[in-house]
Amino acid sequence: MPSESRSPSQSSLAPHSGFRPLPASLFAAKALDASPRLLGQTLVRRSEIGVIRSRIIETESYGGIEDKGSHAYGGRRTNRTEIMFGAGGTAYVYLIYGMYHCLNVVTGEPDDPQAVLIRAVEPLTEEDERRMRMLRKIKSKKPADLSGGPGKLCRALDIDKSFNGCRLNVPTSSLYLEAGDDVDGLDIVCGPRINIDYAEEYAAKPWRFFLKDHPCVSVNDKANPPQPFYR
DNA sequence: TATGCGATCGTCT
DNA sequence: GACGATCGCATAC
């Protein structure tokens, strides 16, 4: 029986077979470049209740020490922000308002703090949705209530601070990224980032990116209708 | 459907 | 000691 003669470890590798990595250039790029490119890509969470795959719907760019909206503004290098100063490809996870976690993809070169906040995802399949619902513990069936929002998606995927520093570019991690279906550039819109009023002239920069008219988008900012974005 | 507000704690000053 | 890269509930219309 040829199939039985394979290494026992083969079975544990099965979930990774067919892994489609994102290009290294995406992780090495500036956050402003990586943000729209992350839309449509697949976020994979290998959780205790099973593998959950989701599609990235909305992102925000936080780039460089000059960005007054960034935790690393002015080169602030603390225990919390340290991971952003490393090479791209890792996760930056922090606690906000004392009760919610936010997931960022660190990008760029070492010593240049670049991060992309993941603001919304959608489950890829009904089974993925069932697992996310189990973790969220909500009654609402509105897609945006499940995982449309940085705190919501972290609950739906059981992501907490223990994922800070997690390598997102390798399929052996319990949280990683892989290539999804291509997104038409014409479906991408942009607008100002959410809840960073303190960022002065940086508050109005159109550095939030999302898929046009998608039901999982976290906030509909009526004062700032989405603008087209062309690659 | 829209708006207002309280929860809750790690992080930095 | 102050303040969030938020969310969910209550209230109003």
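Lettering of chains follows the sequences in order, A, B, ..., and the numbering in each one begins at 1. Values below: every heavy atom of this structure, side chains too, minus hydrogens, waters and symmetry copies.
- Side-chain proximity of A:K222 to C:dT6, B:dA2, C:dA5: nearest is B:dA2.
- A:Y94 does not qualify as a stacking partner of the C:dA5 base, lacking a centre-to-centre distance under 5.5 Å together with planes within 30°.
- Between A:S173 atom OG and A:R167 atom CZ the span is 7.0 Å, to the nearest 0.5 Å.
- Atoms CD1 (A:I118) and C1' (C:dT6) sit 16 Å apart, rounded to a whole Å.
- Each of A:Y100 and A:R77 lies near DNA chain B, and the nucleotide nearest A:Y100 is the one positioned closer to the 5' end.
- Note on A:L117: a base of the nucleic acid sits closer than 4.0 angstrom, heavy atoms only.
- Taking a cutoff of 4.0 Å between a charged side-chain nitrogen and a carboxylate oxygen, A:R55 and A:E122 qualify as a salt bridge.
- A:R136 has no carboxylate O lying under 4.0 Å from a charged side-chain N of A:D158, or vice versa, which leaves the two without a salt bridge.
- A straight line from NZ of A:K137 to C1' of C:dC7 spans 16 Å, rounded to a whole angstrom.
- Counting any heavy atom pair closer than 4.0 Å across all strands shown, A:R80 reaches sugar-phosphate atoms only and no base atom.
- When the nucleotides C:dA5, C:dG8, B:dG10 are ranked by their closest atom to the side chain of A:K152, C:dG8 comes out on top.
- Less than 6.0 angstrom separates the ring centroid of A:H71 from the ring centroid of A:Y94.
- Checking C:dA5 for Watson-Crick or G-U wobble geometry (two distances, each under 3.5 Å) identifies no partner in any strand.
- A:N104 comes within 4.0 angstrom of a base, heavy atoms only.
- Between A:M99 and A:K161, it is A:M99 whose nearest contact on DNA chain B lies nearer the 5' terminus.
- Rounded to an integer number of Å, the gap from A:M84 CE to B:dT11 P is 13 Å.
- Comparing C:dA5, C:dT6, C:dG8 against the side chain of A:H71 picks out C:dA5 as the nearest.
- If you check every strand for non-hydrogen atoms under 4.0 Å, A:G151 touches sugar and phosphate atoms only.
- Near DNA chain B, meaning a heavy atom under 4.0 Å away, there are no residues from residues 203-213 of chain A.
- Residue A:N195 places at least one side-chain N or O under 4.0 Å from the OP1 or OP2 atom of C:dT6.
- Looking only at atom types and distance, the side chain of A:Y62 has a donor-acceptor partner in the side chain of A:E60 under 3.5 Å away.
- A:S25 and A:R37 form a side-chain donor-acceptor contact under 3.5 Å, judged by distance and modelled atom types alone.
- In the set C:dG4, C:dT6, B:dC9, the nucleotide with an atom closest to the side chain of A:Y198 is C:dG4.
- Aromatic rings from A:Y73 and A:Y202 are positioned such that their centres are separated by 6.0 Å or more.
- The distance between atom CD1 of A:I196 and atom P of C:dC3, rounded to the nearest whole Å, is 18 Å.
- In this structure, the CD1 atom of A:I138 is 10 Å from the C1' atom of C:dG8, given to the nearest Å.
- No hydrogens or angles considered: nothing links the side chains of A:T42 and A:R53 as a donor-acceptor pair under 3.5 Å.
- Of the nucleotides present, none pairs with B:dT8 by Watson-Crick or G-U wobble criteria with both distances under 3.5 Å.
- Across the protein-nucleic acid pair, A:Y92 atom OH and B:dT11 atom C1' stand 9 Å apart, rounded to whole Å.
- Within the 4.0 angstrom heavy-atom criterion, base atoms lie near A:G69.
- In this structure, A:D197 atom CG and C:dT6 atom C1' are separated by 14 Å, rounded to whole Å.
- When the P atom of C:dT6 is taken as reference, atom CD1 of A:I159 falls 16 Å away, rounded to whole Å.
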